[in-house]
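Read through the structure below, which is laid out as structure tokens, and then see the notes.
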Amino acid sequence: MRMYDLIMKKRNGLALTTDEINGMITDYTRGAIPDYQMSAMMMAIYFRGMNEQETLDLTMAMAHSGDMLSLDDIRGVKVDKHSTGGVGDKTSMALTPIVAACGLKVAKMSGRGLGHTGGTIDKLESFPGFDTGISTEHFIRQVNEIGVAIMGQTADLAPADKKLYALRDVTATVDQKSLIASSIMSKKLAAGADAIVLDVKTGSGAFMKAQEDAIDLAEEMVKIGKNSGRDVRAVISDMDQPLGFAVGNILEVQEAIDTLNGHGPEDFTELVLTLGSLMLAAGKIAKDAAEGRAMCQKVIDDGSALLKFEEFVKAQGGDASFVTHPEKFPKASIIKEIKAPKSGYVQQIVCDEVGICSLILGGGRETKESSIDLTVGLVLHKKVGDFVEEGESLATIHANEAGKCEIATKRYLDSVTISKDPVSKHQLIKTIIG
Ligand code: URA
């Protein structure tokens, strides 16, 4: 098999065989295919797509590119959760301690920022000392002991996805249905959970902009999961504006902590409760989603979810005093208001543009080797449907370089449309599949 021939085959719109996909993934994982050829393949797939069989083959090849984790040593039903990625999506950080405080076993593998979206692993590294590279032994022991562990992709689990994820991030090949489905499902299958709850985003800040495409993606992932004997459910949720108010690593961690304290933004709290209720039902901790929701609310109200978060940060080597004292996190040096140019109702916030503002400020990677600035980002004060007076703050920008601050401010203002007529608020949960 020559990689050149496979690139040409896909470039010409032909389907790859199971053997070709297996060979390509094995060779790429062991370093026998250079990034420049794999980038060309990703771009060919981006334009030509993959059929159902190719997507399944790619998922299985990536899932088996390393070890398949057995979670049999963890007692109870193990439930994982994954989002297709969005702007201001700090869901896992609030959700996992909530469901763990309800008694669910959460063994979760997360990723770094991708394209214009942030990643849980980068956010967790805001805690000094937090180790996202724990061994699988540590991972399993921690889930057994405290009910929750989150690790980044190791060299052992779905290494092909780890390499492809980083490559797609910097080659504009993220937002393709088969590549997203195989990326998510390969690591979920390799990580060994019995049940998986997916948060599939739709809207301008999502990789799937149109709701029909998000539904197709969700159905594809549910099907892959079912073929592998896993219980998979998917929530289709709004990403036509940022989730919550905070966008940017440390700012989002602080908002997740506020939410665990019961003071989170309404939309974000609603999403956490919806996903939490499904996870508890899938894990047989709650008899149905309604009971699950009440359980999630209770552990927020009685403080046990926050305590679980502290326990989790500590178990992975992080400084848990930042959970009770989030003001200890470092701040950006420039904190500036973005003022509304006129009065009216916020009609639209072009969501991926807000993610790009955060990238411009330094919150995302330009190349695979780039490091990110955890302190920068934006805090929105007005969301779609809100009224704003001329000169009132639309958002606060957190930056460390004046030039970048200026560019991001202009871009943010260009992304917001203000109408003189009232505008209705977005519906957060569109539908649930599976
Ligand atoms: N999340 C993933 O893990 N992979 C993708 O491709 C997109 C979102």
Side-chain angles (χ1 to χ4, degrees), residues 25 28 38-39 41-43 45-46 49-50 54-56 58-63 65-66 69 80-93 95-96 107-124 132 150-154 157-193 196-209 213-214 216-218 220-222 224-225 230 232 234-237 239 243 275 351-352 355 359 364-365 368:
I25 292 302
Y28 182 58
M38 195 47 112
S39 303
M41 175 59 89
M42 292 294 110
M43 196 55 89
I45 294 174
Y46 182 89
M50 280 186 136
E54 288 178 289
T55 308
L56 183 63
L58 182 60
T59 308
M60 291 307 170
M62 294 207 295
S65 63
L69 194 57
D80 199 345
K81 171 263 164 192
H82 204 87
S83 154
T84 56
V87 180
D89 185 6
K90 68 286 292 177
T91 310
S92 294
M93 260 178 315
L95 176 64
T96 51
K108 174 151 173 52
M109 198 202 281
S110 287
R112 296 193 177 278
L114 186 63
H116 64 276
T117 70
T120 304
I121 291 299
D122 292 329
K123 288 169 204 169
L124 286 171
T132 53
I150 300 183
M151 66 175 181
Q153 274 168 280
T154 63
L157 288 182
D161 177 56
K162 183 176 176 158
K163 287 184 77 175
L164 282 175
Y165 190 94
L167 191 68
R168 287 166 57 222
D169 185 30
V170 292
T171 53
T173 51
V174 173
D175 46 341
Q176 202 285 332
K177 226 180 297 174
S178 296
L179 295 180
I180 296 176
S182 57
S183 163
I184 292 180
M185 291 310 292
S186 62
K187 53 186 169 264
K188 298 294 105 176
L189 298 181
I196 301 152
V197 174
L198 300 168
D199 179 13
V200 180
K201 308 284 196 190
T202 177
S204 63
F207 295 125
M208 296 292 105
K209 311 278 182 223
D213 289 336
D216 277 359
L217 171 63
E220 189 138 7
M221 291 193 286
V222 168
I224 294 171
R230 317 293 169 100
V232 184
V235 173
I236 310 288
S237 71
M239 190 35 74
L243 182 63
L275 292 168
C351 189
D352 51 358
L359 294 190
R365 292 178 180 78
K368 286 203 300 177

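Since we're looking at a predicted model, the values are computed, not measured. In each ligand, atom 1 is the first atom listed, and ligand 1 is the first ligand listed.
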Residues in side-chain hydrogen bond (donor to acceptor under 3.5 Å, both in side chains) with D213, at least two apart?
none

Ignoring hydrogens and angles, state whether a donor on the side chain of K201 or S83 is under 3.5 Å from an acceptor on the partner side chain.
no

After noting the C-alpha distance and the side-chain angles of M42 and I45, does the key distance pass the side-chain contact (heavy atoms from CB on, under 4.5 Å) rule?
CA-CA 5 Å; M42 292 294 110; I45 294 174; 4.1 Å; yes

Begin from the C-alpha positions of R112 and T132 and carry the test side-chain contact (heavy atoms from CB on, under 4.5 Å) through to its verdict.
CA-CA 10 Å; R112 296 193 177 278; T132 53; 4.2 Å; yes

For H116, which residues count as a ring-ring contact (aromatic ring centres under 6.0 Å, His included) partner, sequence neighbours excluded?
F207

Hey, which residues fall under 4.0 Å of ligand 1 on heavy atoms?
H82, S83, T84, L114, Y165, R168, I180, S183, I184, K187

Only counting residues at least two apart or in another chain, list the ones meeting side-chain hydrogen bond (donor to acceptor under 3.5 Å, both in side chains) with T91.
D89

